[in-house]
Peer 1: 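Here it is, the structure in full.
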Amino acid sequence: QVQLLESGGGLVQAGGSLTLSCAASGRSFSSYHMGWFRQAPGSEREFVAAITGTGDVRNYVDSQKGRFTISRDNVQNTVYLQMNNLIPDDTAVYYCAAATLWRLPWLPRASDYWGQGTQVTVSS
């Protein structure tokens, strides 16, 4: 069992930056691949970024490459999403997910655990 708790969301102006954190409780954090998803009102939950359990492989949705960076600290049991040059279309609830299998593309149904989400709002 893994419990995930996101933090770091908020209101930011376009062009600004935010760093989201996802703290995991439970054992064997490094055995889980971690991902970030987001869901805007009226839209389906979509993949943003993922990182393998060891942190040696990262994957991003094409539209986020160069703006978002995923990282993890397996000592602190935390995964991060650094978001730069934010635009209003980035406004969404951002969710952290954990999975035991590394399968790309990472579809929401492939996640084993979810956090409760953190709201990111980008104003123009």
Side-chain angles (χ1 to χ4, degrees):
Q1 186 79 12
V2 174
Q3 293 183 325
L4 305 174
L5 183 63
E6 301 96 334
S7 61
L11 174 64
V12 63
Q13 288 187 332
S17 298
L18 280 175
T19 298
L20 306 182
S21 299
C22 173
S25 62
R27 297 182 176 180
S28 303
F29 175 68
S30 61
S31 66
Y32 290 94
H33 310 302
M34 300 299 296
W36 285 97
F37 290 75
R38 69 185 186 184
Q39 189 167 17
S43 299
E44 294 185 352
R45 193 167 298 190
E46 63 178 9
F47 171 81
V48 175
I51 188 168
T52 54
T54 57
D56 56 347
V57 178
R58 305 176 188 188
N59 182 259
Y60 299 93
V61 65
D62 286 345
S63 60
Q64 313 308 337
K65 285 182 179 178
R67 296 196 300 125
F68 291 6
T69 302
I70 188 170
S71 62
R72 67 188 295 158
D73 183 335
N74 285 347
V75 174
Q76 298 295 325
N77 286 6
T78 303
V79 62
Y80 304 96
L81 185 68
Q82 172 69 41
M83 305 186 293
N84 297 323
N85 195 21
L86 286 161
I87 61 176
D89 282 350
D90 293 321
T91 296
V93 177
Y94 283 71
Y95 296 91
C96 173
T100 54
L101 296 179
W102 180 257
R103 185 180 297 150
L104 299 178
W106 184 337
L107 302 178
R109 63 176 180 265
S111 302
D112 297 308
Y113 301 100
W114 289 98
Q116 87 292 342
T118 185
Q119 176 71 46
V120 172
T121 303
V122 184
S123 63
S124 57

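Because the structure is a prediction, the values reported are computed rather than measured.
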Peer 1: Any chance you could measure M34, atom CE, to W106, atom CH2, to the nearest 0.5 Å?
Peer 2: 7.0 Å
Peer 1: Do the side chains of Y113 and W102 join up, straight or via other hydrophobic residues, at under 4.5 Å, putting them in one cluster?
Peer 2: no
Peer 1: Can you tell me if S123 and Q13 form a side-chain donor-acceptor pair at under 3.5 Å?
Peer 2: no
Peer 1: Which atom names give the shortest non-hydrogen contact between S17 and N84, and what distance separates them?
Peer 2: OG-OD1, 3.0 Å
Peer 1: If we ignore hydrogens and angles and just use 3.5 Å, is the side chain of E6 paired with the main-chain N or O of T118 as donor and acceptor?
Peer 2: no
Peer 1: For a side chain to side chain contact (heavy atoms under 4.5 Å, CB included) check, start with the C-alpha distance between V48 and L81, then their side-chain angles and the critical distance, and finish with the verdict.
Peer 2: CA-CA 9 Å; V48 175; L81 185 68; 4.1 Å; yes
Peer 1: Check whether R67 reaches the backbone of N85 with its side chain - one donor and one acceptor, N or O, closer than 3.5 Å.
Peer 2: yes
Peer 1: To the nearest 0.5 Å, what is the distance between CG on L104 and CG on L107?
Peer 2: 9.5 Å
Peer 1: Please examine the side chains of W36 and F68, heavy atoms only from C-beta on, and report whether any two atoms are closer than 4.5 Å.
Peer 2: no
Peer 1: Using the test side chain to side chain contact (heavy atoms under 4.5 Å, CB included), find all partners of V122 that sit at least two apart in sequence or belong to another chain.
Peer 2: V12, A14, L86, P88, D90, T91, V120
Peer 1: Return yes if a side-chain donor-acceptor contact under 3.5 Å exists between D73 and T78, otherwise no.
Peer 2: no
Peer 1: Output the distance between atom OH (Y94) and atom CG (L20), rounded to the nearest 0.5 Å.
Peer 2: 7.5 Å
Peer 1: Please determine whether side chain to side chain contact (heavy atoms under 4.5 Å, CB included) holds for the pair E46 and R38, giving the CA-CA distance in whole Å, both sets of side-chain angles, and the decisive distance to 0.1 Å.
Peer 2: CA-CA 5 Å; E46 63 178 9; R38 69 185 186 184; 2.6 Å; yes
Peer 1: Short question: side chain of N59, backbone of A50 - any donor-acceptor pair under 3.5 Å?
Peer 2: no
Peer 1: If Ile, Leu, Val, Met, Phe, Trp and Tyr residues are connected whenever their side-chain heavy atoms lie under 4.5 Å apart, and connections chain through other members, are V2 and Y80 in the same group?
Peer 2: no
Peer 1: With the side chain counted from C-beta on, respond yes when T69 and R58 share a heavy-atom pair under 4.5 Å apart, and no when they do not.
Peer 2: yes
Peer 1: Test your reading of the model: is there a side-chain donor-acceptor pair from H33 to the backbone of G53, 3.5 Å cut-off?
Peer 2: yes
Peer 1: Any chance the rings of F37 and Y95 have centres within less than 6.0 Å?
Peer 2: no
Peer 1: State, to 0.1 Å, how close C22 and L4 come at their nearest heavy-atom pair, and which atoms those are.
Peer 2: SG-CB, 3.8 Å
Peer 1: Can you see which heavy atom on Y60 is nearest to which on I70, and at what distance?
Peer 2: OH-N, 3.0 Å
Peer 1: Are there over 12 heavy-atom neighbours, none belonging to Q3, within less than 6.0 Å of that residue's CD?
Peer 2: no
Peer 1: Using 0.5 Å steps for rounding, measure from the CG atom of N77 to the CZ atom of R27.
Peer 2: 12.5 Å
Peer 1: To the nearest 0.5 Å, what is the distance between OG1 (T100) and OH (Y32)?
Peer 2: 7.0 Å
Peer 1: Of the non-hydrogen atoms in V79 and C96, which two are nearest, and what is the gap between them?
Peer 2: CG1-SG, 3.8 Å
Peer 1: So, for W114 and P108, which heavy atoms are closest and what is the spacing to 0.1 Å?
Peer 2: CZ2-O, 3.4 Å
Peer 1: Are R72 and F29 in a cation-pi contact, defined as NZ or CZ under 6.0 Å from the six-membered ring centre and within 45° of the axis?
Peer 2: yes
